Structure formats: structure tokens, C-alpha cells
Amino acid sequence: MPSILTGQYVNIQQTPASVGERVLAQLIDWLIQGVYFSGMLYLFSGTIADYTSDGTLMAIIILLIVFPTFFYALVCELWFNGQTFGKQLFHMRVVKTDGSTPGLGAYIMRWMFMLIDGFTFSGLGLVVMLFNTSNRRIGDLAAGTMVIKTNSYKKMKISLDEFAPFSRNYRPAYPAAENLSLEQVGLIDQTLRLNEGDPRVHALAEQVKHTLAIETVHETDDAAFLWRVKRDYQYYALEEI
């Protein structure tokens with residue numbers, strides 16, 4: 001998602017997951033992969049020899065055994081919003097460094113660099129994590145991501161006292177607002193404090209529409225539109241907490 005943040009207004013500090021937590025989560029993920037691979041291999045051990053003459057069936061069996069193991073981390077992070085089962089256990093998730101949700105390219109980049117970050121190169125990723133303040137491995141540095149604590153992510157800079165109560169029948173007008181980062185919402189909040197006629201209000205409203213691919217706007221002015229986008233973001237943020 002293109003960024004609408006200029007960095008002028010908000011400086012949000014995310015809480016990186018510790019190196020120890022990341023190592024333990026990774027060990028759990030490798031254990032899950034190992035158990036699955038071994039279990040499937042055992043399950044089909046008596047039939048693989050029978051199917052060697054049938055290329056199609058053999059390919060299917062190999063895919064059932066190898067594919068889920070090989071693509072485990074990539075598929076989990078894509079399906080579970082930046083989390084594998086190990087990360088879920090330790091309340092961690094992958095985000096972009098600005099707090100937004102990574103795209104497919106970022107997840108693929110992290111997954112590809114695991115060949116370097118893992119045991120293959122004697123845990124080079126672990127060494128890199130120990131020497132940067134955000135505990136980012138090489139794959140994170142290449143993808144522009146970091147692993148943070150989810151409790152920090154959900155509640156970071158969000159004070160429930162600042163939210164007006166939502167009615168039970170409240171329905172967001174712009175579901176794409178869920179994908180905004182906290183910094184982007186901070187910029188919207190700062191802009192809403194300007195005079196309504198300030199050209200920056202209109203400029204940001206247009207940028208938000210473009211960034212979130214919003215084609216139909218229900219509000220009659222830019223300030224009302226920005227307020228509703230912020231409100232919708234708050235709705236989704238509270239839903240996660």
C-alpha cells in the first residue's frame with residue numbers, strides 16, 4: 001500500500017519482539033514442519049513404492065509432503081496476517097516498518113531470505129538480529145519489515161478514552177481504512193485540526209482516496225470524509241483488541 005505519511009507529525013515507537021522470543025517461535029515452527037513432514041512420510045511410506053510407476057500419483061504424494069513444509073512460513077504469514085503458529089504462541093506478527101500490513105512481495109522476500117537467515121548459513125540472521133535495535137533479520141531488512149509484539153501493535157498509541165462509543169449498529173463506510181497504519185491515521189488526525197478551508201485538508205483527502213482505492217465517497221466535504229475514514233479505522237482497531 002503506498003504511503004501517505006510524510007513523517008512530519010507522528011513518531012510512533014513499535015515494540016520489537018525480542019531475539020529470544022523470535023528464536024523460540026522459529027524453533028516451534030520448525031518443530032511443526034518436522035512433525036508434519038515426518039508424519040506424512042510415515043503415512044505414505046508403505047505406498048510410495050507402489051506409486052513410483054505412476055508419475056501423477058507420485059507427484060501428488062510429493063506435493064502433499066513437501067509443499068506444505070517448504071512453503072509453511074510464507075503461507076501462514078499470508079493467511080494469518082503476518083503470523084505463523086509459533087508467532088501466534090508468542091503474540092508476535094510481521095508488519096512493515098511504518099506499521100502497515102506487508103504485501104505479497106514483502107512476505108516472499110522474507111521467506112526467500114530464510115535460506116540465508118536460518119541454519120544454512122550458521123544462523124547468520126540471528127547474528128544480524130543481535131546487532132540492530134529492532135531485532136530484524138536479513139529478510140526483514142530486505143523486505144522493509146519487522147516482527148513486533150501484537151499487544152503493542154493493537155494498543156500502541158490507541159487510548160480507549162479518546163474513542164467515542166460506537167453504537168451496536170455502526171457499520172464502517174470504508175472497509176479499506178483497516179489497512180491504514182497508526183502513523184497514517186495520526187497524520188489524518190493532525191490534518192483534521194487545521195481549518196476546513198486549508199488546502200492541505202483537500203490534498204490529504206484526495207491522497208487517501210487514491211491510496212485506499214476509494215471511488216465512491218458518501219460525505220459532502222473533505223473534512224467529513226477524513227473523519228469517517230479515521231472513525232472506520234478506530235472501529236477495526238477496537239475490534240481486534
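Values in this document were obtained by computation on a predicted structure and should not be read as measured data. As a basis for the values below, the full set of heavy atoms in this structure was taken, side chains included, without hydrogen atoms, waters or symmetry mates.
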Any non-hydrogen side-chain atom of [X] less than 4.5 Å from a side-chain atom of [Y]?
X      : Y      : value
Phe70  : Trp111 : yes
Val208 : Tyr174 : no
Tyr233 : Ile188 : no
Arg136 : Val128 : no
Gln184 : Leu187 : no
Val147 : Asn135 : no

Without swapping roles, check the side chain of [X] against the backbone of [Y] for a donor-acceptor pair under 3.5 Å.
X      : Y      : value
Asp29  : Gly86  : yes
Tyr107 : Ala73  : no
Asp117 : Gly139 : yes
Gln33  : Thr69  : yes
Arg200 : Thr191 : no
Arg137 : Arg110 : yes

What closest approach, in Å, do [X] and [Y] show between heavy atoms, and which atom pair accounts for it?
X      : Y      : answer
Thr97  : Met146 : CA-SD, 4.3 Å
Phe85  : Cys76  : CE1-SG, 4.0 Å
Thr145 : Lys96  : CG2-CD, 4.1 Å
Val217 : Lys209 : CG2-CE, 3.6 Å
Ala143 : Ala106 : CB-O, 3.4 Å
Pro172 : Tyr235 : CG-CD2, 3.3 Å

If a pair satisfies salt bridge (Lys or Arg N to Asp or Glu O under 4.0 Å) and one of its residues is in residues 15-24, list it, with sequence neighbours excluded.
Glu21-Lys149, Arg22-Asp140
What's the separation between atom [atom1] in [X] and atom [atom2] in [Y], rounded to the nearest 0.5 Å?
X      : Y      : atom1 : atom2 : result
Tyr42  : Ile65  : OH    : CD1   : 14.0 Å
Lys230 : Phe225 : NZ    : CZ    : 14.5 Å
Ile214 : Glu206 : CD1   : CD    : 11.0 Å
Met109 : Ile138 : CE    : CD1   : 12.5 Å

What do the steps show when you test Leu212 against Val229 for side-chain contact (heavy atoms from CB on, under 4.5 Å), and what is the final call?
CA-CA 10 Å; Leu212 300 182; Val229 168; 4.3 Å; yes
Trp79 with Ile32, same ILVMFWY side-chain cluster at under 4.5 Å:
yes
